[in-house]
Asks: 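Please find one structure pasted underneath; my questions will follow.
In the text below, chain A, chain B and the rest are named by the order of the sequence lines, each starting its count at 1.
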Amino acid sequence: MPTRRKQFPFDEFEPRWQAHWEKESTFSVPNPGDADFDAAKPKYYVLDMFPYPSGAGLHVGHPEGYTATDIITRYKRMQGYNVLHPMGWDAFGLPAEQHAIKTGEHPRINTENNTANFRRQLKRLGFAYDWSREVNTTDPSYVKWTQWIFLQLYNSYFCEEENKAKPIKELEDAGLSREEIDDRRLAYVAETPVNWSPDLGTVLANEEVEEWKEKGHTVERRPLRQWMLRITAYAQRLIDELEGLDWPKGIKLLQTNWIGRSEGAEVDFLIGEETVTVFTTRPDTLFGATYMVLAPEHPLVSEITTKDQADAVAAYQQACATKSDLERTELAKEKTGVFTGGFAINPVNGKEIPVWIADYVMMGYGTGAIMAVPAHDERDFEFASQFKLEVIEVVEAPGEPIEGCFAGEGTSINSGFLDGLPTKEAKAKITAWLEEKGLGKKSINFKLRDWLFSRQRYWGEPFPIVWRDGHHEALPESELPLLAPDLKDYKPTGTPEPLLSKATDWVELGDGVMRETNTMPQWGGSCWYYLRYCDPTNPEAPIGKAADAYWMGENQNPGGVDLYVGGSEHAVLHLLYARFWHKVLFDLGHVTTPEPFQRYFPPGLIMGEDGQKMSKSRGNVVNPDDVVELYGADSLRLYEMFMGPLEQVKPWSMKGVEGVYRFLGKVWRMVLVQDQEGDWNLSEKLKEQDPDKAANKVVHATIKKVGEDIESLSFNTAISQMMVCTNELSKRDTIPVSSVVTLLEVLSPFAPHISEELNARLGARFDSVSSEPLADREWPELDESYLVEDEVEIVLQVNGKVRDKIMVGKDDDKETVEAAALASEKVQNFIADLTVRKVIVVPGRLVNVVAN
RNA sequence: GCCGAUAUGGUGGAAUUGGUAGACACAACGGACUUAAAAUCCGUUGGCCGUUAGGCCGUGCGGGUUCGAGUCCCGCUGUCGGUACCA
């Protein structure tokens, strides 16, 4: 890129205004109880997803959402809101630890460096953050409350009757045993098969496996003792309470499907002495169950396997155990399985059906056992075809008979007392019959699993738990935060033994009392950071009552963060986890609203100039620092908003950046003209005079359009309107100063530096222009009367085709307009040989003459 | 496979409740200024036919509703994203 003269000296005034905002604490906002707090002001809480401060620095994707929220912040401030717009750091995480392994340096150092770089980059973009509220998940004062919230979960149970969390103390008072109590905690210990990565030295959540495998790490499956959070208790509420939220429909659906509610029945089958319960969503097909399948890990497999099948079954179980979930599904093209030799009795007709084990049935869902109805389930059909098992049709498809398998709804046949019933009724009847006979019951299942909450890494929050005599105990609150000790080296132990177990001095407390050595996942800190911003230094609680009531909107329905902007890649995990924690805190009375995020908006991904996803390997990554260097922060901000609709995926274009840069240059030159010496002086065209009709019209049209578009996050069209306004004003011989100032006011949320600079220069010269910074001004008032025209252009159509355009009075009645239309020469030409059948008049729009 | 999003000029994208398709930009071309270039300013720019006037066609494809469809309905196709034996 050749050096060239800048269109305007952004490199001089942008840092100057940023320093001004910092010095004046322009965007600091007081809390209830503070001296300058004004309770009469309405609040608005705009939240960005806080970044993980990676070594790579800011990516152009970050300023996309951040600029959007910044525009909202500045706009709402101008409208008189107390706006909370904070930023912080999700600073625990594997990359810093990987760096520590390589260098032997404490991960805190790397984290601090990266954080400083991120902060510098964000400040350079002029965002209106209240930096006094900055939080960092790795700060001891933050860790303290993350651990405290964990203890809230640990010390609570889910009360089914009241459908909410309650203190565990109630169970103690009720005289439950220690084991019974531990089994009901919201944070509990369980032995479960987990994804263990030997080279990362940690267990991963199911959702993380894919990501790390792509980066070349190995992940295997093995059973381990882990901390779990009982998110499944909240499954129904997490679905139901989405309803009142202003989130994109698709995102709600995504979460709903992730939670995966299905209604059906549990049915008991007898296998010899043993009872095996299956879950099915199609109890109406019970007469068509021709075999049964158990998951290979099902505890009853060994009981029911016959001697001559024992070897085959054991071999199959062995083969499955070493396969990861991924391999199980990757190899899912062909069904595999083994006959156990056992037979089950179908309770509805007493028929004996063979019992198989197969890995297409998973232990983790339902009961780990199914009744197979090959005629009406594709998987069962495939399995039955492969192993030549019986197929009995029990549902008749509506319309044409169907070859093979029919999984839809129809009418029951070959099903005794269900015959002739449509699927829905058959389901109800058989379920009632099973319940009456004590052979089964209605049942609801969720795909959602409990949340595996422990990791074996170093760089995370330690669990505030100690072990005594094989039992876990909570640390007293007074011992929080519990910080991890420094280590000599951060290399994984090579075994599933957590890294912290290396620090024996720290772990062993004497008398056989040991600290828990697992750490929390990164999600822990990010689950509640939006609460801490509201009250970032509170030493008594994660968030104080008054701060919660005001910022989270106790009296609003449903309350919570007013606008949350961040990538849809977090739409299921982070957003689900945070909602879960929030509900627990709500149930326990620590917060006053049931949902954390009232409105959520995911911006679309920004692709590389080649239309591909930005990545180092493709060499198409755009660095925001480079863009700021060449065109300034305002241009970067404005371009990212002008690219297209915020929610859309869109490719980067440097030419596009130049386009908005030129626009800002045009605004600059409308106010200032450069002389021979290169100094910028106020344009002679600017006049302190009342704006004429045309100027008022375009300026007020701009106030209206920009305001509406900000509300709906349609920033691209707001910007194009400001371009129209600028084009209109700048081509004039004299320009009313007040029109320019109004334009600067509406431009200021988008491009705050240049707007402030121009306003300051105008204020220094013209008495009529306020020198008060735009950031503290009110949003300009719209006067609709300027937008009303006496005459409007309407379109004349003949048979739907545009033939002419005429001007008519704004209040002309239909008859007048129709007469004027028919009088048009062009219309006359087209209808000369035709008969007019009908004339449609749309006031202010068009006249359509229908003729043939 | 299932779920969701989406399809408009050479490009990014605009278009109230159905009512002038292509706003605003980018690129391209032509012109002015300049010794020259950059920057700036002015003009042209969906396709086809036509010297002009003007006409015809045109919002992924095929139907439909309507005076009128980018927009609504039915049936497809492509692209992107999510998810995957969840019984």
Side-chain angles (χ1 to χ4, degrees), chain A residues 2-7 248-251 253-254 256-258 260-262 264 278-282 285 293 325 328-333 335 358-362 364-373 376-380 382-383 407 445-449 568-569 571-572 604-605 607 611 613 639 642-645 647-660 662-663 665-666 669 674 708 714 716-724 726-727 730-731 793-805 826 837-851:
Chain A
T3 53
R4 56 179 174 195
R5 208 170 59 207
K6 295 186 168 63
Q7 294 229 358
K249 272 215 312 276
I251 300 286
L253 201 64
L254 209 61
T256 306
N257 291 342
W258 185 267
R261 182 187 205 270
S262 46
V278 304
F279 172 72
T280 176
T281 54
R282 292 295 298 272
T285 62
V293 186
D325 262 10
R328 255 165 94 151
T329 51
E330 265 168 13
L331 304 171
K333 309 254 181 302
K335 294 259 183 296
D359 65 2
Y360 82 93
V361 173
M362 286 164 304
Y365 183 77
T367 60
I370 63 158
M371 63 178 215
V373 185
H376 306 290
D377 181 285
E378 298 207 13
R379 295 150 302 182
D380 297 345
E382 211 181 303
F383 191 84
N445 254 289
F446 295 94
K447 273 197 267 189
L448 186 68
R449 302 276 66 105
S568 60
E569 69 272 20
V572 276
L605 215 61
M607 311 299 267
K613 214 166 172 170
Y639 172 63
F642 187 59
M643 289 175 85
E647 68 277 14
Q648 220 164 79
V649 177
K650 41 211 177 269
W652 186 268
S653 155
M654 263 321 172
K655 290 286 185 192
V657 182
E658 281 184 47
V660 294
R662 273 204 286 269
F663 160 65
K666 200 163 179 175
R669 289 191 308 274
Q674 199 164 29
E708 287 170 354
S714 308
N716 55 330
T717 48
I719 293 166
S720 87
Q721 177 62 36
M722 291 188 279
M723 288 173 168
V724 169
T726 304
N727 291 342
S730 63
K731 74 180 183 198
E793 187 187 66
I794 63 161
V795 167
L796 307 185
Q797 296 182 337
V798 176
N799 291 330
K801 291 192 176 172
V802 179
R803 297 305 181 185
D804 200 4
K805 295 167 187 181
K826 286 177 185 169
R837 299 289 174 198
K838 201 176 183 183
V839 179
I840 288 150
V841 181
V842 182
R845 289 246 170 234
L846 58 74
V847 177
N848 188 13
V849 180
V850 184

Asks: Reading RNA chain B from 5' onward, which residue's closest nucleotide shows up sooner: A:Lys249 or A:Lys838?
Replies: A:Lys249
Asks: Mind checking if A:Glu793 touches a base, just sugar-phosphate, or nothing, with heavy atoms under 4.0 Å?
Replies: base
Asks: Report the glycosidic orientation of B:rG9: syn if within 90° of 0, anti in every other case.
Replies: syn
Asks: What distance, rounded to whole Å, do you find between the two P atoms, one in B:rG12 and one in B:rG60?
Replies: 14 Å
Asks: Is there a side-chain contact (heavy atoms from CB on, under 4.5 Å) between A:Asn799 and A:Val850? Walk through the geometry before answering.
Replies: CA-CA 5 Å; A:Asn799 291 330; A:Val850 184; 3.9 Å; yes
Asks: In whole Å, what separates the C1' atom of B:rA69 from that of B:rG19?
Replies: 10 Å
Asks: Taking salt bridge (Lys or Arg N to Asp or Glu O under 4.0 Å) as the test, write out the residues that go with A:Arg669, two or more places apart.
Replies: none
Asks: Expressed as a whole number of Å, how far does the P atom of B:rU71 sit from that of B:rG18?
Replies: 12 Å
Asks: Mark up nucleotides 43-60 of chain B, 5' to 3', with B wherever a protein heavy atom is under 4.0 angstrom from a base atom, S wherever such an atom reaches only the sugar-phosphate, and - elsewhere.
Replies: -----------SSSS---
Asks: Answer whether the closest heavy-atom distance between the side chains of A:Asp380 and A:Met371 falls below 4.5 Å.
Replies: no
Asks: For A:Arg845, enumerate each residue passing the side chain to side chain donor-acceptor pair (under 3.5 Å) test, keeping only those at least two apart in sequence or located in another chain.
Replies: none
Asks: How would nucleotides 6-19 of chain B be written as a contact map, 5' to 3', with B for base contact, S for sugar-phosphate-only contact and - for no contact, using protein heavy atoms under 4.0 Å?
Replies: ------BSSSB--B
Asks: Could you give the distance separating B:rG78 and B:rU40 at their P atoms, to the nearest angstrom?
Replies: 45 Å
Asks: Honestly, is A:Lys335 close enough over A:Tyr360, meaning NZ or CZ under 6.0 Å from the six-membered ring centre and within 45° of the axis?
Replies: yes
Asks: Show your working on side-chain contact (heavy atoms from CB on, under 4.5 Å) between A:Val849 and A:Leu796 and close with a plain yes or no.
Replies: CA-CA 8 Å; A:Val849 180; A:Leu796 307 185; over 6 Å; no
Asks: Nearest whole angstrom, please: distance from the P of B:rA87 to the NZ of A:Lys335.
Replies: 14 Å
Asks: Indicate whether OP1 or OP2 belonging to B:rU40 is found under 4.0 Å from a side-chain N or O atom of A:Gln674.
Replies: no
Asks: What's the CE-P distance between A:Met362 and B:rA84, to the nearest Å?
Replies: 10 Å
Asks: Just jot down the salt bridge (Lys or Arg N to Asp or Glu O under 4.0 Å) partners of A:Lys650, sequence neighbours excluded, or say none.
Replies: A:Glu64
Asks: Side chain of A:Lys655: nearest nucleotide among B:rC26, B:rC3, B:rA87?
Replies: B:rC26
Asks: Roughly how far apart are A:Asn445 CG and A:Thr367 OG1, rounded to 0.5 Å?
Replies: 8.0 Å
Asks: Check every strand shown and say whether A:Val795 touches a base, only sugar-phosphate, or nothing at a heavy-atom separation below 4.0 Å.
Replies: base
Asks: If the condition is side-chain contact (heavy atoms from CB on, under 4.5 Å), which residues does A:Asn716 pass it with, not counting sequence neighbours?
Replies: A:Pro645, A:Ser714
Asks: For A:Ser568, answer base if it contacts any base atom (sugar-phosphate contacts may also be present), sugar-phosphate if it contacts only those atoms, and nothing otherwise; contact means non-hydrogen atoms under 4.0 Å.
Replies: nothing
Asks: Taking side-chain contact (heavy atoms from CB on, under 4.5 Å) as the definition, give me every residue that meets it alongside A:Thr256, ordered by chain and number, with sequence neighbours left out.
Replies: A:Ile239, A:Leu242
Asks: Using whole Å, what does the distance between atom C1' of nucleotide B:rA38 and atom CD of A:Gln7 come to?
Replies: 11 Å
Asks: Determine whether the side chains of A:Asn727 and A:Lys666 contain a donor N or O and an acceptor N or O closer than 3.5 Å.
Replies: yes
Asks: Let me know the distance between CZ of A:Phe279 and P of B:rC85, rounded to the nearest Å.
Replies: 17 Å
Asks: A:Arg837: which residues meet the side chain to side chain donor-acceptor pair (under 3.5 Å) condition with it, sequence neighbours left out?
Replies: A:Asn852
Asks: Using whole Å, report how far NZ of A:Lys447 lies from C1' of B:rU83.
Replies: 8 Å
Asks: Whole-Å distance between B:rA84 C1' and A:Glu382 CD?
Replies: 14 Å
Asks: On a whole-Å scale, what distance lies between the P atoms belonging to B:rA38 and B:rG30?
Replies: 13 Å
Asks: If you look at every strand shown and take non-hydrogen atoms under 4.0 Å, does A:Ser653 touch a base, only sugar-phosphate, or nothing?
Replies: nothing
Asks: What distance, rounded to whole Å, do you find between the two C1' atoms, one in B:rU44 and one in B:rG9?
Replies: 15 Å
Asks: Under 4.0 Å, heavy atoms only, any strand: does A:Gly366 hit a base, just the sugar-phosphate, or nothing?
Replies: nothing
Asks: Could you measure between the two C1' atoms, the one in B:rG68 and the one in B:rU20, and give it in whole Å?
Replies: 12 Å
Asks: With both distances under 3.5 Å as the test, what is the Watson-Crick or G-U wobble partner of B:rA87?
Replies: none
Asks: Whole angstrom is fine here: how far is it from CD1 in A:Ile794 over to P in B:rC67?
Replies: 20 Å
Asks: Considering only the P atoms, how many Å lie between B:rC29 and B:rU34, rounded to the nearest integer?
Replies: 23 Å
Asks: Please name the nucleotide paired to B:rG10 by Watson-Crick or G-U wobble geometry with both distances under 3.5 Å, or report none.
Replies: B:rC26
Asks: Return the set of residues passing ring pair (Phe, Tyr, Trp, His ring centres under 6.0 Å) with A:Tyr639 (not counting sequence neighbours), or none when no residue passes.
Replies: A:Trp652
Asks: Side chain of A:Thr280, heavy atoms from C-beta onward: which of B:rC67, B:rU20, B:rA87 has the nearest atom to it?
Replies: B:rA87
Asks: A:Leu253 has a side chain; which of B:rC3, B:rC85, B:rU40 sits nearest to it?
Replies: B:rC3
Asks: Given that A:Arg449 and A:Lys666 both sit by RNA chain B, which one's nearest nucleotide is further toward the 5' end?
Replies: A:Lys666
Asks: Base, sugar-phosphate alone, or nothing: which one does A:Asn727 contact when heavy atoms must sit under 4.0 Å apart?
Replies: sugar-phosphate
Asks: As a test of reading the structure: which of B:rU83, B:rA87, B:rC24 is closest to the side chain of A:Trp258, going by heavy atoms?
Replies: B:rU83
Asks: Find the partner of B:rC67: check Watson-Crick (N1-N3 plus N6-O4 or O6-N4) and G-U wobble (N1-O2, O6-N3) distances, both under 3.5 Å, and reply none if neither fits.
Replies: B:rG19
Asks: Sort out the partner of B:rU79 for me: Watson-Crick or G-U wobble, both distances under 3.5 Å, none otherwise.
Replies: B:rA5
Asks: For the side chain of A:Val361, starting at C-beta, report the closest nucleotide among B:rA25, B:rU20, B:rA87.
Replies: B:rA87
Asks: Could you state the CZ-P distance from A:Phe663 to B:rA25, rounded to the nearest angstrom?
Replies: 9 Å
Asks: Could you identify the nucleotide paired to B:rA39, looking across every strand shown and requiring Watson-Crick or G-U wobble geometry with both distances under 3.5 Å?
Replies: none
Asks: Ignoring the backbone of A:Arg662, work out which of B:rC24, B:rA27, B:rC67 is nearest its side chain.
Replies: B:rA27
